[in-house]
Undergrad: 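Pasting a structure here, questions to come.
Just so you know, residue 1 is the first one in the sequence shown, and it goes up from there. Please read these numbers as outputs of a predicted model, since none were measured by experiment. Indexing begins at 1, ligand by ligand and atom by atom, following the structure's order.
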Amino acid sequence: MLLVALKETVVHEKRVSLTPDVAKKIIELGHQVSIESDAGKEAGYPNSLYEKAGCTVQKDLNDLLKKADVVLVVSPPSEKEISTLPKNCLLIGMLKPHQNQTLLKKLASHKVTSFSLELLPRITRAQSMDVLSSQSNLAGYKAVVDAASEFGRALPLMMTAAGTIPAARVLILGAGVAGLQAIATARRLGAIVSAYDVRAATKEQVESLGATFVSVEAEETGDGTGGYAKEMSDSYKKAQEEKLKEVLKTQDIIITTAQIPGKPAPVLVTEAMVKTMKPGSVIVDLAAESGGNCPLSEAGKTAVKHGVKIIGCANMPSRIAADASQLYARNLLNFLKNLMDKDGKGLDINWQDEIVTATNLTHGGAITHLAFKE
Ligand code: NAD
């Protein structure tokens with residue numbers, strides 16, 4: 001088979017879908033790999049590394065794609081790329097189907113078999129393919145590093161001859177994959193860390209990382225389906241607001257990561273709360289692209305509002321592109337292996353497999369995914 005990795009066309013996307021060492025593993029299985037020239041450049045993987053791994057590097061899109069069996073991307077491909085894809089090839093990436101019905105129609109009309117990795121079920125067998133986890137993990141780490149560099153003070157307690165600098169207080173809102181990594185990173189940097197989440201199971205996870213759990217007095221828990229959170233009732237939201245209002249005043253850095261699948265991100269830090277925060281505090285809103293946990297954050301922008309620096313994240317994993325690409329490429333390889341025969345020599349797709357049905361968007365000229373069929 002010929003596998004092709006495209007150069008990403010979406011603005012600010014520095015990641016690449018295939019790294020040289022993952023490409024090498026695919027070649028060792030007996031396949032050919034071509035990459036679009038400079039596909040890995042922004043992530044720190046120049047063409048020469050791919051050539052060394054045994055890949056061919058092509059500049060012309062038509063030459064690159066005309067014999068492709070499998071095409072790999074991070075973000076959705078451009079219209080030009082879709083129209084150049086050969087009929088019946090496989091396209092695998094994070095295709096954002098919820099925001100992109102037009103893309104789905106185009107893929108179907110070009111008879112492309114497409115798979116979107118954000119739709120992977122969170123089952124044990126799919127853990128090694130789970131792009132949301134691998135990318136969120138790095139995003140959680142990077143959010144703390146960015147906050148630390150924007151904060152005009154130190155994070156750890158420092159006792160010096162000139163006096164003592166107190167440890168910074170960091171609050172993490174949302175203790176999922178990104179939030180737990182943010183807790184661990186802030187702890188390593190010496191901050192006093194606390195965290196809050198609506199799901200009951202997170203209390204123990206937060207405490208096992210050495211952080212304090214912020215509890216809201218309420219009967220309701222936020223456990224939804226598949227390990228995700230559900231939207232909370234208005235009375236819970238009121239109790240949550242009261243609690244956070246009190247805690248936020250004492251904090252130096254807030255990292256917000258709260259998401260509810262298929263819904264706008266919940267508002268946790270209101271403008272009124274920002275006004276009560278200490279001057280020079282920093283908020284990093286990892287949910288800025290899905291509406292934001294703070295209404296003052298704007299995706300891709302940093303602004304100072306009421307004396308607080310607010311960083312609205314846009315594509316955080318791309319800011320740590322070398323590692324994000326490496327983990328993403330390994331996720332892809334594991335996903336691909338699941339579509340292959342047991343020796344990895346060719347495709348042998350089990351269309352009844354839960355991983356396949358959950359991720360397959362288009363096949364045989366039609367939109368196949370139940371959630372996106374018209
Ligand atoms: P996510 O990105 O959808 O949300 C991030 C966090 O925000 C979640 O912990 C959620 O509970 C929290 N949140 C939502 N509304 C909130 C609110 N109003 N206030 C505070 N916090 C709020 O979630 P995620 O990080 O992708 O992970 C969700 C779950 O999936 C976790 O339990 C995780 O362990 C699990 N998971 C399982 C697998 C697997 O089994 N393969 C893989 C990855 C994650």
Undergrad: Classify the ring geometry of F213 against Y196: parallel below 30°, tilted from 30° to 60°, perpendicular beyond 60°.
TA: tilted
Undergrad: Is the closest side-chain donor-acceptor distance between Q58 and S34 under 3.5 Å?
TA: no
Undergrad: Test R15 against E8 for salt bridge (charged side-chain N to carboxylate O under 4.0 Å, His left out), laying out the working first.
TA: CA-CA 7 Å; R15 291 169 293 178; E8 296 298 313; over 6 Å; no
Undergrad: Anything under 3.5 Å between a donor and an acceptor, one on a side chain of residues 138-159, the other on a protein residue two or more places apart or in another chain? List them.
TA:
| unit_1 | atom_1 | unit_2 | atom_2 | d |
| --- | --- | --- | --- | --- |
| D146 | OD1 | R319 | NH2 | 3.0 |
| D146 | OD2 | R319 | NE | 3.1 |
| D146 | OD2 | R319 | NH2 | 2.7 |
| S149 | OG | D146 | O | 3.3 |
| E150 | OE1 | K309 | NZ | 2.8 |

Undergrad: Sequence neighbours left out, what passes salt bridge (charged side-chain N to carboxylate O under 4.0 Å, His left out) with E28? Give chain and number order.
TA: none
Undergrad: Would you mind listing every salt bridge (Lys or Arg N to Asp or Glu O under 4.0 Å) that reaches into residues 255-267, with sequence neighbours excluded?
TA: E231-K263
Undergrad: At a 4.0 angstrom heavy-atom cut-off, what protein residues surround ligand 1?
TA: R122, I123, Q127, D130, S133, G174, A175, G176, V177, Y196, D197, V198, R199, G227, Y228, A229, Q240, T257, A258, Q259, I260, P266, L268
